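FYI, side chains are in, hydrogens and waters are out, and symmetry mates aren't considered; it's all heavy atoms of this structure. These numbers were taken from a predicted model, which means no experiment stands behind them.
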Number of protein chains: 4
Amino acid sequence: MSTGRLEAFSDGVFAIAITLLVLEIRLPEGWEEDLGGALLGLWPSYLAYVVTFLLVGMIWMNHHRMFHFIHRTDGLLLALNVLLLMDVAFLPFPTHVLAEALHADHGTQMAAVFYGLVLVIGGIFYNAVWWYSSSGHRHLGGHITPAEARALRFRWGMGPVLYLVATVIGAFSAIGALGFYVLLLVFYMFDMRPRRQAGERPTVTAGG
Amino acid sequence: MSTGRLEAFSDGVFAIAITLLVLEIRLPEGWEEDLGGALLGLWPSYLAYVVTFLLVGMIWMNHHRMFHFIHRTDGLLLALNVLLLMDVAFLPFPTHVLAEALHADHGTQMAAVFYGLVLVIGGIFYNAVWWYSSSGHRHLGGHITPAEARALRFRWGMGPVLYLVATVIGAFSAIGALGFYVLLLVFYMFDMRPRRQAGERPTVTAGG
Amino acid sequence: MSTGRLEAFSDGVFAIAITLLVLEIRLPEGWEEDLGGALLGLWPSYLAYVVTFLLVGMIWMNHHRMFHFIHRTDGLLLALNVLLLMDVAFLPFPTHVLAEALHADHGTQMAAVFYGLVLVIGGIFYNAVWWYSSSGHRHLGGHITPAEARALRFRWGMGPVLYLVATVIGAFSAIGALGFYVLLLVFYMFDMRPRRQAGERPTVTAGG
Amino acid sequence: MSTGRLEAFSDGVFAIAITLLVLEIRLPEGWEEDLGGALLGLWPSYLAYVVTFLLVGMIWMNHHRMFHFIHRTDGLLLALNVLLLMDVAFLPFPTHVLAEALHADHGTQMAAVFYGLVLVIGGIFYNAVWWYSSSGHRHLGGHITPAEARALRFRWGMGPVLYLVATVIGAFSAIGALGFYVLLLVFYMFDMRPRRQAGERPTVTAGG
């Protein structure tokens, strides 16, 4: 199978998962008495929506970059990618749990740990796709040298480690974990800014 | 990354967000006694559905036109576009809130302001994509001259201004705001009609 | 805009609308006592699902054939197509209403009329796209002669007429209307069978 | 119609159906008292999610391989493929039923039989597409010999037989049936591993 079909299918799952997030936001009972207060009271849902949307957007961008380098597929690569998509498509649920817990102010730490673990597992599958594809330059083309592929192993390998840090922070404070994700996103966006130096290669960044 | 993948991903999010709108329409309790009355009583849902569907359709068409002119991407452009998609994918929620408020006849002005603000923010992100891409003709190709790109800045820049007007109208009357959106859509459709004069360039229109 | 992007966006909306239909099927309260009975009791949902899925599939196939002949677009054509998609994306709601009414055995005729009217409106938008595109061979290419385009006007024009017949039948019996839709689908599938005669052109069929 | 459009539409339905599965997972009432327990108590939902996601992923991969060999379409092929998609898009409902039954510990065998029958029907439609396309090498191209096409008839024909076995197991034990699906998936993944022998052709596997 060409990587084109694989990428189109993956793009579909990313786009759908990211768009389904909004279905988890619901008006609470009794909003009729004070709609303004009800809309403000949904801040945990908005926060969880924004953070998850941007994290999935970041993973999608990294996934794109990864398949810019991968030129061939086989059954095991397809299967690993399906496992990654299974994790991404699951994200609306922990997002909902986190928003509900923040709203009820019950179980916020548990919810942040659950949310973080789903990201950690996704990061592991993401890296499994890359390790398998880049091992011995198995499925890579001429766009990338073995040394660069090894550098990406390190950078992308930081993804699940950072998510694990967020999970540990979440065990103490859900808001702390969310703040850490925001920091990650700001750092990522800063890292993506265009570089002007002649001859510089495209940036590769931690994530996944 | 080529703009092709970016456009395909964006199209996916637009198509999904637009199609999820219907999930917010639900039969009220007790419909069994009078289904005809229940279906008629859902007019706020139908109205909100039609207006939002057509507004998102209009934004999608403008997004298309914008990326007809944009030939290159970079990380910041991707990030700004993800912020725009984040706003578009959020629209089913304010649409639902507006329909619920109209149905309950409670908080309609608040709901119209909420709905309008989400459109204003989307319009700002839309224009941010264009300002960033067209600044110094950074990412534009030969399809468009700098003067035309500046003209589009003005036309598309009208989008969030008009949405802000609708928001202010909504603070007084939700129905008034919806009427204003319908006017915008009719004007837009009229503006898109094919022109017959020789040598005329493709029309560009306010929106976003 | 090329028709390629328009078709991809339309395909997305068709695929999503068709797949959202399943979300309207829900286990009734109290299923724990008799799951087998509850699953059998959902027959109206299955029936509405199958009929709507196949009708949307048929409209999608016809839409495909139509854009096989349409080579150019303009703003009005885009707008008419968005109106058609707005109707298609709305179909999960009347499908749900029809299934609920059949299940409750209340308001089935009203539900069948509502369902039928949504199809009639969709058929009118479908034909509007074709009349506008084929008028004076405006947007057609060399795949089709003016005489063939006129023949398609008649065939596709039968679509909303047949849906109107189903709506009138529905005013007397919802099951009668569903039977009529099944007949339409069987006739359509029979009409699509491959022809073996040399030189025969692709079949065009009523629908929309 | 080219197979390209058919594949893109099918990919869309597969991607959406697979991503909608998560919407069936919901926090139970009263989770505020013990979120950790509630999240653990959802194990039937996670199990049903994972098994269905991977089964649909496997069917998608097989569907891909099938259309790698199919070079032409006609109306009947399109119709058979729509029937297959109708079954795939229905899968979120039996998945939800299975998870609910396991959670309530009521009707688990009935739920497993229902789930299995939907897979059996899907497998039959899958094989109908292949039998029709490969009969007399009707729609196949030069990628495959008649002998290989016959071998695939046998391999893919095993799919519905194996699903029927799972259905029968489910009539005695839902967990037994789920274990059987896991075995199928593990076997499938093992079977997909890359082969190193020179000249070996792409593997074809049971499923559908």
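When B:Ala38, B:Gly57, B:Gly36 are compared by the number of non-hydrogen pairs under 4.5 Å with chain C, B:Gly36 comes out ahead. Interface summary for chain C: among B:Asp34, B:Ile18, B:Val50, the most heavy-atom pairs under 4.5 angstrom belong to B:Val50. In terms of heavy-atom pairs under 4.5 Å with chain B, the best-connected choice from C:Leu91, C:Leu23, C:Leu83, C:Leu85 is C:Leu85.
Using bins of under 30°, 30° to 60° and over 60° for the plane-to-plane angle, the ring pair B:Trp60/C:Phe9 lands in the parallel bin.
With a 4.5 Å cut-off on side-chain heavy atoms, C:Val13 and B:Ile16 do not count as touching. The shortest side-chain heavy-atom distance between B:Leu39 and C:Phe93 falls under the 4.5 Å cut-off.
Between the CG atom in B:Leu35 and the CG atom in C:Leu98 there is a gap of 10.0 Å [rounded to 0.5 Å]. Note that the CD atom of C:Glu100 and the CD atom of B:Glu32 stand 7.5 Å from one another [nearest 0.5 Å]. Note that CZ of B:Arg65 is 8.0 Å distant from CG of C:Leu78, once rounded to the nearest 0.5 Å.
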Item to complete: Test C:Val82 against B:Met61 for side chain to side chain contact (heavy atoms under 4.5 Å, CB included), laying out the working first.
Response: CA-CA 10 Å; C:Val82 165; B:Met61 287 193 240; 3.8 Å; yes
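Using a 4.5 Å cut-off between heavy atoms, C:Ala111 contacts chain B through both its backbone and its side chain. Only the side chain of C:Phe114 has a heavy atom closer than 4.5 Å to any heavy atom of chain B. In this structure, chain C has heavy atoms under 4.5 Å from both the backbone and the side chain of B:Ile25. Proximity to chain C (any heavy atom under 4.5 Å) is restricted, for B:Tyr46, to the side chain, taken from C-beta onward. Both the backbone and the side chain of C:Ala17 come within contact range of chain B, with heavy atoms under 4.5 Å apart.
Of all the heavy atoms in B:Arg26 and C:Glu24, the pair that sits closest is NH1-OE1, 4.4 Å. Listed here is the closest heavy atom pair of C:Gly12 and B:Ala15: C-CB, 4.4 Å.
No more than 12 heavy-atom neighbours from other residues, nucleotides or ligands sit within 6.0 angstrom of CE on C:Met110.
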